[in-house]
Number of protein chains: 2
Amino acid sequence: MTGVWLRPQRPSRSGPPLSRDRIVAAAVELLDQGGVGGLTMRRLAEHLDAGSTTLYWHVATKDDVVDLALDHIFGEVQLPDRRDDEAGLDSEAGLDDEAGAGRDWRVDVEGLLLGWRAAMLRHPWSAALLGRPMLGPNVLTRTEFLQSALRRSGLVEPDLGAATYALANYVIGSAVTLASWQRPDSPQPPREAAREHLAAQQDRYPTLVDTGHLDDRDWEVTFRQGLTYLLDGLATRT
Amino acid sequence: MTGVWLRPQRPSRSGPPLSRDRIVAAAVELLDQGGVGGLTMRRLAEHLDAGSTTLYWHVATKDDVVDLALDHIFGEVQLPDRRDDEAGLDSEAGLDDEAGAGRDWRVDVEGLLLGWRAAMLRHPWSAALLGRPMLGPNVLTRTEFLQSALRRSGLVEPDLGAATYALANYVIGSAVTLASWQRPDSPQPPREAAREHLAAQQDRYPTLVDTGHLDDRDWEVTFRQGLTYLLDGLATRT
DNA sequence: ACCTGAACACCGTTCAAGT
DNA sequence: ACCTGAACACCGTTCAAGT
């Protein structure tokens with residue numbers, strides 16, 4: 001009868017009820033703060049004012065959370081505007097043969113890939129999590145955009161697929177390399193120490209030392225430069 | 001006095017004494033067998049017939065083991081033979097201006113990068129561990145080789161550095177993407193399921209479905225194709 | 001349908017102690 | 001100098017139980 005008074009009241013979950021979306025948003029927050037090591041199912045639940053294992057009702061496994069978080073941040077990548085929004089579906093026909101449209105696809109590709117790279121650098125942990133198939137809707141939508149832009153350049157299989165993979169892989173590799181210096185634990189020093197380590201071995205690595213391989217440089221410019229190489233090489237085939 | 005008989009004899013460590021080299025070799029074995037999740041300090045010690053925490057005498061942290069294992073497998077990457085082995089040090093002078101040497105550097109670059117990719121695919125776990133600065137001697141030696149080959153093409157800073165990063169990042173991205181399908185837990189099915197998932201959404205991803213984006217293809221040929229694009233674009237600048 | 005804590009089988013790492 | 005096990009502070013995940 002008096003049981004009500006003795007039993008502790010429900011801890012009164014603060015926010016709205018749990019949902020996949022809230023879980024993913026919180027996971028991204030934790031990852032942004034503490035990197036891959038900062039994401040823990042227990043911490044994630046705590047961050048959401050939930051019991052330590054409640055998440056498993058909404059999500060099968062931690063890997064699910066990671067996959068969702070990864071795809072989530074690719075949703076930030078803006079698709080460059082396109083003039084002609086219709087005509088999309090009958091993709092088989094209607095390839096433009098006029099050379100004037102050449103710059104168009106290239107601008108679209110560059111815009112997409114720069115945005116792609118920027119999103120990854122805003123969330124450096126993403127680079128460490130790429131070792132899983134990326135099949136989420138945000139990634140697929142952007143890959144679709146990339147390949148359809150490349151097709152407008154006149155490329156056809158198998159070159160079209162090779163170009164798609166080449167560009168995507170270039171972006172991924174660039175983000176991985178650059179993000180590798182942004183470990184959330186260490187503040188700034190690792191690069192400086194690495195530079196000295198290299199400089200001390202000029203006899204072994206004369207070219208790298210000579211060109212200042214580990215020196216700071218404008219990484220976006222470097223990225224654009226490599227992208228130019230790739231697109232120039234592609235343009236040869238169209 | 002009789003203590004000797006009562007005390008258990010030293011477990012008689014089987015192999016030779018522990019050493020960094022033996023630890024790294026064992027770590028690579030474990031990684032090859034079970035992927036990133038297969039490497040555990042405890043399992044590693046057991047694999048070496050050592051106490052569960054003995055490793056910490058030879059190595060400061062698990063990250064150290066990973067860094068060493070990663071650099072170790074890049075030691076497998078053969079440096080393509082070069083005709084002129086001397087003349088290396090005065091790298092400032094002596095750039096060849098004759099166009100005939102053009103194919104030479106390109107062959108060297110292609111050979112190195114194909115070997116680089118092959119080593120990573122022999123050890124697919126490497127792709128998941130790239131989110132750390134690669135400063136080991138094996139990696140640096142091969143990066144030095146890459147950049148010195150590129151320099152022979154006539155490139156100078158800042159294009160030389162951009163080209164070095166572009167090529168390295170392309171290899172890394174390609175390996176990450178391809179290795180992402182080789183999770184050690186699941187056998188073969190993920191790709192097949194992904195294909196069906198994509199095919200069921202032809203309205204969303206018309207181009208990807210049309211080109212069979214997730215179909216099996218000859219990945220080495222695809223890699224070579226992308227490399228050709230990149231090197232063709234580079235050759236424009238030399 | 002949704003949430004909970006206890007419990008299990010693990011982790012990486014520290015440390016006092018052994019030889 | 002090299003090796004050891006106990007111990008600490010964590011993990012991801014399962015599950016019977018609650019509402």
Side-chain angles (χ1 to χ4, degrees), chain A residues 3-24 26-27 30-31 33-69 125 128-129 132 183-185, chain B residues 3-24 26-27 30-31 33-69 125 128-129 132 183-185:
Chain A
V4 214
W5 313 111
L6 303 182
R7 259 178 280 117
Q9 198 183 2
R10 227 38 204 329
S12 79
R13 310 259 344 283
S14 54
L18 237 43
S19 71
R20 247 168 134 95
D21 283 349
R22 288 193 65 227
I23 291 175
V24 173
L30 284 186
L31 287 164
Q33 287 170 21
V36 200
L39 180 62
T40 278
M41 291 304 268
R42 283 171 155 94
R43 268 207 277 260
L44 184 53
E46 193 185 5
H47 200 68
L48 290 161
D49 273 316
S52 49
T53 59
T54 310
L55 304 169
Y56 287 93
W57 175 262
H58 302 270
V59 124
T61 179
K62 185 186 178 184
D63 266 356
D64 280 13
V65 177
V66 170
D67 283 331
L68 291 169
W125 47 268
L129 297 177
R132 56 192 67 231
R183 315 287 262 120
D185 35 314
Chain B
V4 214
W5 313 113
L6 302 183
R7 258 177 281 119
Q9 197 181 1
R10 218 75 217 286
S12 79
R13 310 261 341 287
S14 53
L18 237 43
S19 71
R20 248 169 133 94
D21 284 349
R22 288 194 64 227
I23 290 174
V24 173
L30 283 186
L31 287 164
Q33 287 170 22
V36 202
L39 180 63
T40 278
M41 292 303 269
R42 284 171 155 94
R43 267 207 279 259
L44 183 53
E46 193 184 5
H47 200 68
L48 289 161
D49 274 315
S52 49
T53 59
T54 310
L55 304 169
Y56 287 93
W57 175 262
H58 302 270
V59 122
T61 179
K62 186 188 177 181
D63 266 357
D64 281 13
V65 178
V66 170
D67 283 330
L68 291 169
W125 46 268
L129 297 177
R132 54 191 68 232
R183 316 286 261 124
D185 34 314

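Just so you know, these numbers come straight off a predicted model, no measurement behind them. When reading the values below, keep in mind they use all heavy atoms of this one structure, side chains included, and skip hydrogens, waters and symmetry mates. Throughout, a chain's letter reflects where its sequence line sits, starting with A, and its residues are numbered from 1.
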Nearest whole Å is fine: how far is [N] [atom2] from [X] [atom1]?
X: A/Arg42; N: D/dT13; atom1: CZ; atom2: C1'; result: 9 Å
X: B/Leu39; N: C/dG12; atom1: CG; atom2: P; result: 7 Å
X: A/Lys62; N: D/dT14; atom1: NZ; atom2: P; result: 14 Å
X: A/Leu44; N: D/dT13; atom1: CG; atom2: P; result: 12 Å
X: A/Asp63; N: D/dG12; atom1: CG; atom2: C1'; result: 11 Å
X: B/Leu55; N: C/dT14; atom1: CG; atom2: P; result: 13 Å
X: B/Leu48; N: D/dC2; atom1: CG; atom2: P; result: 16 Å
X: B/Met41; N: D/dT4; atom1: CE; atom2: P; result: 14 Å

Side chain of [X] (C-beta onward), nearest among [options]:
X: A/Leu18; options: C/dC3, D/dA7, D/dG12; value: C/dC3
X: B/Ala50; options: C/dT13, D/dG12, D/dT4; value: D/dT4
X: A/Thr53; options: D/dT4, C/dG12, D/dT13; value: D/dT13

My understanding is that a pair needs two contacts under 3.5 Å, Watson-Crick or G-U wobble. By that rule, which nucleotide pairs with [N]?
N: C/dA17; answer: none
N: C/dC8; answer: D/dG12
N: D/dC3; answer: none

(request) Spell out, as yes or no, whether a donor-acceptor pair under 3.5 Å connects the side chain of A/Arg43 to the backbone of A/Gly38. (result)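 A pair under 3.5 Å: yes.
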* Asked: Do any N or O atoms from the side chain of A/Arg20 and from the backbone of A/His58 form a donor-acceptor pair under 3.5 angstrom?
  ->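 Answer holds: yes.
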Please state whether the phosphate of C/dA1, meaning OP1 or OP2, lies under 4.0 angstrom from any side-chain nitrogen or oxygen of A/His58. no
*asked:* C/dC10, OP1 or OP2 - any side-chain N/O from B/Arg43 closer than 4.0 Å?
replied: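 Indeed not, no polar side-chain atom of B/Arg43 lies that close.
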Judged by each residue's nearest nucleotide on DNA chain C, which is more toward the 5′ side, A/Ser52 or A/Trp57?
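Of the two residues, A/Trp57 wins.
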Check whether any side-chain heavy atom of [X] lies under 4.5 Å from a side-chain heavy atom of [Y], and answer yes or no.
X: A/Leu39; Y: A/Lys62; result: yes
X: B/Leu18; Y: B/Leu55; result: yes
X: A/Leu68; Y: A/Val65; result: no

When we call it a touch if two heavy atoms are under 4.0 Å apart, what does B/Thr54 touch: a base, just sugar-phosphate, or nothing? base
